[in-house]
Amino acid sequence: MKKEQSPDYAKMSQASAISLGLTRGRMYRGAVNRCVNLLVHYPEGCAANCAYCGLARKRPGSYRDKSFIHVQWPIFHMSQIIDAINSAPSYVMRTCISMITNGKCPKDTLAMTRLLKNKTSLPISLLISPTILKKEDLVKMKDTGADKIGIAIDLATPELFDRYRGKGVSGPHKWEQYWETLEAALDLFAPPNVGVHLMVGMGETERQMVSLMDRLWRMGIVNHLFSFFAEQGSKLANRPQPPWPTYLRVQLARYLIEEELSSLDKMVFDQHGHIIDFGISPVQLKQVINLGTPFMTTGCLGPDGEVACNRPFGNCLPDERQWNYPYPPNEEELALIHENIFEIQEESARSL
Ligand code: SF4
């Protein structure tokens with residue numbers, strides 16, 4: 001029997017499967033997933049060992065059954081995925097294929113991109129793994145029809161990157177290689193078509209995260225934020241999420257930087273790196289918070305110019321506090337944000 005693996009098969013996020021009607025279910029407050037999030041699949045899985053990741057090689061369990069960002073990723077044949085995309089609700093605006101660190105990925109991701117391009121009309125993003133790619137692969141991705149590239153740098157500093165994705169976990173990833181690929185992707189795909197994923201709560205200060213976002217934005221790269229949310233059985237299973245006020249402040253700082261309302265050099269930080277002044281007037285700050293938009297998920301945009309990759313509840317449980325709102329926060333949620341955003345909490349002691 002033929003193995004269930006890419007390029008013939010792909011994993012799909014549970015939220016995408018619900019939106020496409022491939023899995024039964026409903027999401028909190030009627031949230032919808034506007035992107036078809038696919039993940040390449042091989043029985044042997046990912047060769048890397050990122051400390052926070054559900055797919056890490058050393059996390060116990062078979063790759064097929066490993067959860068990723070807390071949800072199951074059922075496997076579907078590409079023909080089933082194509083049919084579902086072609087009859088998707090009109091709010092579905094984009095498809096994304098995420099690579100893992102597996103030598104077969106570059107060739108198979110291209111084959112899947114080509115198939116989707118030929119048989120569906122949604123634009124295609126690729127979330128790539130620099131460790132297994134050469135510059136020529138990026139050229140082929142563009143020629144095949146992908147229009148946006150994402151790279152999960154995840155960590156705010158080279159030291160944290162090495163500790164959680166590189167030598168510290170016997171992993172293959174190198175900070176420099178990620179940046180070289182980022183620059184090559186930017187040359188080929190041009191702003192605003194290259195984005196990075198960044199994870200708050202890995203031991204960085206707010207200042208470190210803000211300075212990275214500011215640097216990336218000035219290069220022409222868009223920032224997509226996640227908060228750390230421990231996966232059961234992963235190396236960091238017992239690590240708490242970052243303080244919610246920290247995450248809110250970093251989200252707000254990202255918005256201000258990318259809307260060009262403020263920048264790193266206008267913001268003020270305390271001795272522990274917490275943001276204590278966003279560099280705009282209190283009246284304007286209140287107006288911006290009231291928009292609610294700074295706290296919504298950011299990700300690749302659809303042809304309508306709105307966020308398509310909105311990953312509902314990708315880093316929180318819906319009935320608890322929200323970390324990325326997949327819809328505009330309502331009045332009650334905005335009141336909670338106002339109440340918490342300026343609170344300075346010391347992070348509890350953390351260990352690997
Ligand atoms: S390379 Fe990606 S999929 Fe593999 S362990 Fe690291 S974060 Fe997870």
Side-chain angles (χ1 to χ4, degrees), residues 5-6 9-14 16 37-75 96-106 108-109 112 125-134 137 141 149-158 160-182 185 195-204 223-237 239 299 309 311 314-315 352:
Q5 63 178 11
S6 295
Y9 290 81
K11 285 187 161 196
M12 184 188 290
S13 79
Q14 206 174 21
S16 298
N37 292 105
L38 303 176
L39 184 64
V40 290
H41 174 68
Y42 306 106
E44 70 276 20
C46 182
N49 201 30
C50 306
Y52 47 84
C53 179
L55 301 179
R57 179 169 43 90
K58 291 191 185 161
R59 183 184 178 210
S62 74
Y63 180 67
R64 190 191 173 98
D65 298 327
K66 281 179 179 174
S67 62
F68 180 46
I69 50 173
H70 284 261
V71 290
Q72 292 304 321
W73 289 62
I75 299 171
C96 173
I97 307 174
S98 295
M99 296 173 80
I100 54 175
T101 306
N102 182 310
K104 298 178 202 160
C105 250
D108 292 339
T109 306
M112 291 155 82
S125 299
L126 300 177
L127 180 63
I128 63 172
S129 177
T131 303
I132 48 167
L133 291 175
K134 298 193 191 71
D137 295 314
M141 287 170 184
I149 291 292
I151 297 185
I153 293 185
D154 290 346
L155 283 308
T157 68
L160 289 171
F161 186 96
D162 200 39
R163 183 186 310 164
Y164 293 122
R165 310 196 73 184
K167 284 203 236 40
V169 288
S170 315
H173 301 316
K174 295 202 171 63
W175 172 264
E176 297 73 25
Q177 191 171 4
Y178 269 61
W179 281 82
E180 277 162 26
T181 307
L182 202 51
V196 295
H197 289 189
L198 299 173
M199 196 187 299
V200 175
M202 298 300 294
E204 77 291 338
N223 297 290
H224 305 315
L225 290 170
F226 295 71
S227 77
F228 171 75
F229 187 27
E231 297 265 10
Q232 240 185 348
S234 69
K235 195 161 175 125
L236 300 181
R239 187 188 180 90
C309 185
R311 311 179 295 278
N315 50 11
L352 185 71

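Not measured: the values here are computed from a predicted model. Read the numbers this way: they start at 1 and go in the same order the structure lists the ligands and their atoms.
For Lys104, the salt bridge (Lys or Arg N to Asp or Glu O under 4.0 Å) partners are Glu44, not counting sequence neighbours.
Ligand 1 does not have Met99 within reach: every non-hydrogen atom of the residue lies 4.0 Å or more from it.
Paired with His173 under the rule side-chain hydrogen bond (donor to acceptor under 3.5 Å, both in side chains), one option of Asn49, Asp162, Thr131 passes, and it is Thr131.
For a distance bound of 2.8 Å, the N, O or S atoms of His173 include none lying that close to atom 6 (Fe) of ligand 1.
Under 4.0 Å from ligand 1, not a single heavy atom of Arg57 appears.
Those atoms of ligand 1 with a heavy atom of Cys46 less than 4.0 angstrom away are 1 (S), 3 (S), 4 (Fe), 5 (S). Close approach of ligand 1 to Thr101 (heavy-atom distance below 4.0 Å) involves ligand atoms 1 (S).
In this pair, Phe161 and Tyr178 present their aromatic rings perpendicular. The plane angle is above 60°, beyond the 30 to 60° band.
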**Request:** Apply side chain to side chain donor-acceptor pair (under 3.5 Å) to Tyr42 and Asp108, showing your working.
**Result:** CA-CA 11 Å; Tyr42 306 106; Asp108 292 339; 2.7 Å; yes
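There is no side-chain donor-acceptor pair under 3.5 Å between Tyr164 and Asp154.
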